[in-house]
Amino acid sequence: MSEKKMINLKINDVAVSVPEGTNILDAAKLAQVKIPALCYHPDLPAWAACGLCVVKQKNSPKTLRACATACTEGMDIVTHDAELYAIRRTVLELTLSTHPNDCLQCLRNGNCELQRLAQEFGIREAPYGKRLRGLERDESTPSIVLNPEKCILCGRCAAVCQQMQGIWALEFIGRGEKTRIAPAADVTLNESPCIKCGQCSAHCPVGAIYEKDDTGKLVTALRDSEKVCVVQIAPAVRVALGEAFGMKPGELSTGKIYAALRRLGFKAVFDTNFSADVTIMEEGTEFVKRFTQQQQLPLLTSCCPAWTEYMEEYAPDFTENFSTAKSPQQILSALAKTYWAEKKGIDPKKVYMVAVMPCTAKKYEVSRDENMSASGQQDTDIAITTRELARFIQASGIDFNGLADEKADDLLGDYTGAGTIFGVTGGVMEAALRTAYCLITKEETPPSIEFADCRGMDGVKEATITIAGTPVRIAIAHQMGNVKHVLDAIREDRAAGRKPRYDFIEVMACRGGCVGGGGQPMGATDEIRALRAKGLYADDEKSAQRMSHLNPEVQALYRDYLGEPNSEKAHKLLHTHYEEHKLYKR
């Protein structure tokens, strides 16, 4: 591939050189200049809605929108002067005139892009009268809340839902001053095709879409002396939570998280990485059986609840291809209320399981069907996001950075490197291949513990891995908009009567996998996702064991309780089933 032509220009009299196609807003960063914007996000195509990023070309009366204007040779751009300042200030004042003033009650208070810009521009008065419309909040889903009264019509959520995720659950409705963002067909979110991935909330610059906050339920449970409150943390939480406390993206804070959770009052702290290892035992065994018998291929991973929701709504023709293994969240919760409770002599009805997840869809998953109550009661009582945990730690007065590292509790806390890389796209596949190789060949370890073809940020990755002389064809897709291409390829094979082109497919709904989940700290970009992924790979590399089947606590679980992977008991506790859902649920 030939290199892109370089474009030379000046920004505020500073010479810069950028690849052809670069917009002015991004080019300005090379000149150490920040151009304000509200609608622009590097994940999305620019569409110049907000008007804040206007700039000038010297000796021209025209203004250009920096996010949507590509640099051309010889440009001489002015990004800040008195006129541009006045334009931007007016845009902000007009935006604020249609925005509520309840910042103190807003979930985004202190972390709001509109609030930050209003502060930077010193806006202290309201020259334009308020024009609020009294639009009602949509709280119909257990995962996310839509508050259209706070929407600034930047369009990010609709672009994410339509272009990145391919779901089309959100769109612009109405015209002129009556324009608003709402679910397609003006139904509620719960009635729409929404898969609860939360990417709309992760990209919203204000408090118009956000996760449903369950910390109130958590506080009540922790105060209840009759409850034995226990908690689990997902792989991706350990490389993102620290961002709320000034740590760099990707910096591991696992031990501090364990310590903070005990300070909050949890009686036991578990790690979802453990149940990720269990997932590999169940899913890996399932794959080996299907692959050796050449039945119901390709096998599709099932640990992402937004993806399973998508499949049941958009691709029910793949129901038989889905792994029946539950997600690591649900596996650990079921084991906590059976295996762990039995070992510790605790009444399972008193165990209150809290899951800390990078994902808003996990809030929906806890009660998605009767299989989520395999222990005899709801296995996961509540799921909270990384953002919710960060706020709860702050509200509890805990000096997170000053905490000494602690360890997870036994039985459900030990994990391998394979378990920790579940949090990044390609990680589930790589973890599964490590163990599948050993199950098929009966060898103690594969020639290489790392499968480089599984890694990276390409939307769809394809590779062929040779195991015992037999090629295993894999595909990895992340960001739901990329998944349809993979599924359509399999549909083509079916229609032509051909053998499926893939044997094993991993899907994660969010860009980058769980490191970029809808419940992670705000402001994720590919650079931040890559740093979080790097942190998980570093955790893998330093692990004493890097293959799930070598986890001593997992070995004890099967020896003492489950018998073997895919046993009758394992199926009762750790597996589920799927069925077609209607796209619109009215």
Side-chain angles (χ1 to χ4, degrees), residues 18 21-30 33-55 64-71 79 88 91-92 95 99 107-108 111-118 120 144 146-147 150-172 181 197-211 240 243 249 358 360 386-387 425 457 459 478-482 509-513 515-533:
V18 297
T22 302
N23 64 39
I24 295 171
L25 190 148
D26 287 336
K29 295 172 185 176
L30 296 177
V33 174
K34 183 184 72 174
I35 300 172
L38 272 173
C39 65
Y40 179 73
H41 193 285
D43 285 347
L44 304 168
W47 74 303
C50 71
L52 274 175
C53 69
V54 288
V55 296
L64 307 170
R65 300 210 174 188
C67 69
T69 304
C71 299
T79 67
R88 290 168 181 157
V91 169
L92 285 170
T95 302
H99 197 78
L107 204 67
R108 293 295 298 272
N111 188 22
C112 168
E113 295 180 40
L114 177 60
Q115 188 183 63
R116 175 179 54 78
L117 285 168
E120 290 177 0
I144 54 178
L146 171 62
N147 185 356
K150 292 195 174 183
C151 178
I152 59 172
L153 300 179
C154 69
R156 284 191 199 172
C157 60
V160 167
C161 190
Q162 296 173 12
Q163 298 175 44
M164 283 183 67
Q165 301 299 79
I167 302 300
W168 293 80
L170 291 171
E171 64 179 18
F172 284 99
I181 289 285
C197 68
Q199 285 302 309
C200 53
S201 68
H203 287 78
C204 179
V206 294
I209 307 183
Y210 50 90
E211 70 277 10
E243 293 170 31
T360 54
T386 309
R387 296 194 292 264
T425 174
M457 283 293 291
H478 62 112
Q479 185 180 312
M480 285 309 309
N482 295 317
C510 296
R511 183 164 180 78
V515 292
Q520 292 281 66
M522 295 293 186
T525 61
D526 276 354
E527 181 181 2
I528 289 173
R529 296 181 188 106
L531 290 170
R532 293 174 183 169

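From a predicted model like this one, the values you see are computed outputs, not experimental measurements. Just so you know, these numbers use all the heavy atoms, side chains as well, and skip hydrogens, waters and symmetry mates.
Counting heavy atoms from C-beta outward, Pro205 and Leu114 have side chains that stay 4.5 Å or more apart. Contact of the Leu153 side chain with the Phe172 side chain is registered, since non-hydrogen atoms from C-beta on lie closer than 4.5 Å. Residues Leu52 and Ile35 form no side-chain contact, since every pair of their non-hydrogen atoms from C-beta on lies 4.5 Å or further apart. Side-chain atoms of Gln479 and Gln165, non-hydrogen and from C-beta on, do get closer than 4.5 Å to each other. Within the 4.5 Å cutoff, the side chain of Met164 has heavy atoms near those of the His203 side chain. A 4.5 Å side-chain heavy-atom check between Ile209 and Leu170 finds at least one atom pair inside the cut-off. In this structure the side chain of Tyr210 never reaches within 4.5 angstrom of the side chain of Cys204, judged on heavy atoms. Looking at Asn111 and Arg387, their side chains never come closer than 4.5 Å, going by heavy atoms from C-beta outward.
Ile152 CD1 to Leu92 CG: the interatomic distance, rounded to the nearest 0.5 Å, is 9.0 Å. Rounded to the nearest 0.5 Å, atoms CG (Leu117) and CG (Leu38) are 5.0 Å apart. Within the model, atoms NZ of Lys150 and NE2 of His99 stand 6.0 Å from one another, a figure rounded to the nearest 0.5 Å. Atom CD1 in Ile24 sits 13.5 Å away from atom NZ in Lys29 (nearest 0.5 Å).
Considering every non-hydrogen atom in both Ala240 and Pro521, the closest pair reads O-CG, 3.4 Å. When all heavy atoms are compared, the tightest approach of Cys200 to Ile144 is SG-CD1, 3.7 Å. For the pair Ala68 and Ala48, the tightest heavy-atom approach, listed with the atom from each and the gap, is CB-CB, 4.0 Å. In terms of heavy-atom proximity, Ile181 sits nearest to Cys151 at CG1-SG, 3.8 Å. Nearest approach of Gly518 to Ser201, heavy atoms of both residues: O-OG, 3.5 Å. Contact record, Cys197 with Cys510: O-SG, 4.1 Å, taken as the closest heavy-atom pair.
By the side chain to side chain donor-acceptor pair (under 3.5 Å) test, Asn147 is found to be paired with no residue, residues two or more places apart in sequence or in another chain being considered. Arg65 is linked by a side chain to side chain donor-acceptor pair (under 3.5 Å) to nothing, counting only residues two or more places apart in sequence or in another chain. With sequence neighbours excluded, no residue satisfies salt bridge (charged side-chain N to carboxylate O under 4.0 Å, His left out) with Glu171.
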Working for side chain to side chain contact (heavy atoms under 4.5 Å, CB included), residues Val18 and Leu30
CA-CA 9 Å; Val18 297; Leu30 296 177; 3.4 Å; yes
Decide salt bridge (Lys or Arg N to Asp or Glu O under 4.0 Å) for Glu120 and Arg88; before the verdict, give the C-alpha distance in whole Å, the side-chain angles of both, and the deciding distance to 0.1 Å.
CA-CA 11 Å; Glu120 290 177 0; Arg88 290 168 181 157; over 6 Å; no
Would you check, one step at a time, whether the test side chain to side chain contact (heavy atoms under 4.5 Å, CB included) holds for Arg529 with Asp43?
CA-CA 12 Å; Arg529 296 181 188 106; Asp43 285 347; 2.5 Å; yes
I would like to know whether Glu243 and Ile528 meet side chain to side chain contact (heavy atoms under 4.5 Å, CB included); could you show each step before the answer?
CA-CA 11 Å; Glu243 293 170 31; Ile528 289 173; 4.3 Å; yes
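If you run side chain to side chain contact (heavy atoms under 4.5 Å, CB included) between Leu25 and each of Cys53, Pro42, Pro36, only Cys53 comes through. Exactly one residue among Asn482, Asp526, Thr425 makes a side-chain hydrogen bond (donor to acceptor under 3.5 Å, both in side chains) with Arg511. That residue is Asp526.
Taking the charged nitrogens against the carboxylate oxygens, Arg156 and Glu113 do have a contact shorter than 4.0 Å, which makes a salt bridge.
Formation of a donor-acceptor pair under 3.5 Å by the Trp47 side chain with backbone atoms of Cys154 is found in this model. A donor-acceptor pair is defined here as one N or O able to donate and one able to accept, closer than 3.5 Å; such a pair exists between the side chain of Gln199 and the backbone of Gly516. A donor-acceptor pair is defined here as one N or O able to donate and one able to accept, closer than 3.5 Å; such a pair exists between the side chain of Arg532 and the backbone of Val515.
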